[in-house]
Amino acid sequence: MTNIYKRGFDIFFSLLGIILLSPVYLVIYLAVRITEGCPVIYSQERIGLNGEPFLIYKFRSMVNNTEENGTPMLAEEDDCRLTRIGRILRNTHL
């Protein structure tokens with residue numbers, strides 16, 4: 001029974017957070033779209049609970065097509081692939 005309450009708590013506060021932060025997300029979306037164009041949202045596969053893969057969606061902080069030959073490259077501190085808005089997003093953890 002405790003799991004049901006926890007799940008309800010998680011869903012309620014997640015929805016509340018999305019509603020309260022939606023104006024911030026809209027500003028970020030418009031800033032990335034105006035300065036860098038499309039796509040604004042970047043998706044990446046991650047590994048979750050029990051090794052299950054899932055997709056995470058993030059605002060794009062690097063120039064488009066940054067990975068040569070599809071080979072993933074880790075970002076460095078002063079990476080030249082970061083956009084102006086991307087630097088702000090990463091520094092503020094948005």
Side-chain angles (χ1 to χ4, degrees):
M1 197 61 142
T2 304
N3 288 340
I4 293 172
Y5 292 123
K6 182 185 179 317
R7 182 69 176 159
F9 179 87
D10 291 346
I11 290 172
F12 174 77
F13 282 103
S14 296
L15 290 173
L16 182 64
I18 289 171
I19 291 168
L20 293 176
L21 291 173
S22 62
V24 175
Y25 295 152
L26 179 62
V27 169
I28 293 171
Y29 175 86
L30 291 173
V32 173
R33 177 70 189 257
I34 290 168
T35 59
E36 301 301 323
C38 287
V40 174
I41 304 293
Y42 169 76
S43 66
Q44 185 179 48
E45 188 173 274
R46 302 271 177 104
I47 303 299
L49 186 64
N50 300 323
E52 292 290 321
F54 67 97
L55 284 178
I56 185 170
Y57 296 96
K58 302 163 65 171
F59 288 108
R60 185 167 54 97
S61 62
M62 291 190 168
V63 295
N64 208 11
N65 298 324
T66 59
E67 296 174 346
E68 298 173 9
N69 303 324
T71 305
M73 295 171 35
L74 294 177
E76 299 171 3
E77 188 161 329
D78 287 325
D79 203 319
C80 64
R81 300 171 296 165
L82 283 175
T83 64
R84 288 181 299 153
I85 301 297
R87 284 189 201 285
I88 295 169
L89 293 177
R90 285 179 179 230
N91 288 336
T92 58
H93 301 281
L94 294 172

Legend entry - Straight-line distance of Glu45 CD to Ile56 CD1, nearest 0.5 Å: 12.0 Å
Inset, instruction - Check Ile28, Ile85, Val40 against Arg33 for a side-chain contact (heavy atoms from CB on, under 4.5 Å) and give me the one that passes. - result: Val40
Inset, instruction - Indicate if Val24 and Ile19 have the same hydrophobic cluster label, given that clusters are the connected sets of ILVMFWY residues with side-chain heavy-atom separations under 4.5 angstrom. - result: no
Legend entry - Reported CD1-to-NZ distance for the pair Ile41 and Lys58, which is rounded to 0.5 angstrom: 11.5 Å
Legend entry - Tyr5 reachable from Ile11 in the ILVMFWY side-chain graph, under 4.5 Å edges: no
Inset, instruction - Using the rule that two of Ile, Leu, Val, Met, Phe, Trp, Tyr join whenever any of their side-chain heavy atoms come within less than 4.5 Å, decide whether Phe12 and Leu20 are in one cluster. - result: yes
Inset, instruction - Compare every heavy atom of Arg84 with every heavy atom of Thr35, then report the nearest pair and how far apart it is. - result: CG2-NH2, 3.9 Å
Inset, instruction - Give, for atom CG of Leu21 and atom CG of Leu26, the distance between the pair rounded to the nearest 0.5 Å. - result: 12.5 Å
Legend entry - Residue pair Leu89 / Arg60: nearest heavy atoms and the distance that separates them: CD1-O, 4.3 Å
Inset, instruction - Any chance you could measure Gln44, atom CD, to Phe54, atom CZ, to the nearest 0.5 Å? - result: 9.5 Å
Inset, instruction - Taking all non-hydrogen atoms of both residues into account, name the closest pair between Ile88 and Thr92 and its distance. - result: O-OG1, 2.7 Å
Inset, instruction - Give the minimum heavy-atom separation between Tyr25 and Phe59, together with the two atoms involved. - result: O-CZ, 3.7 Å
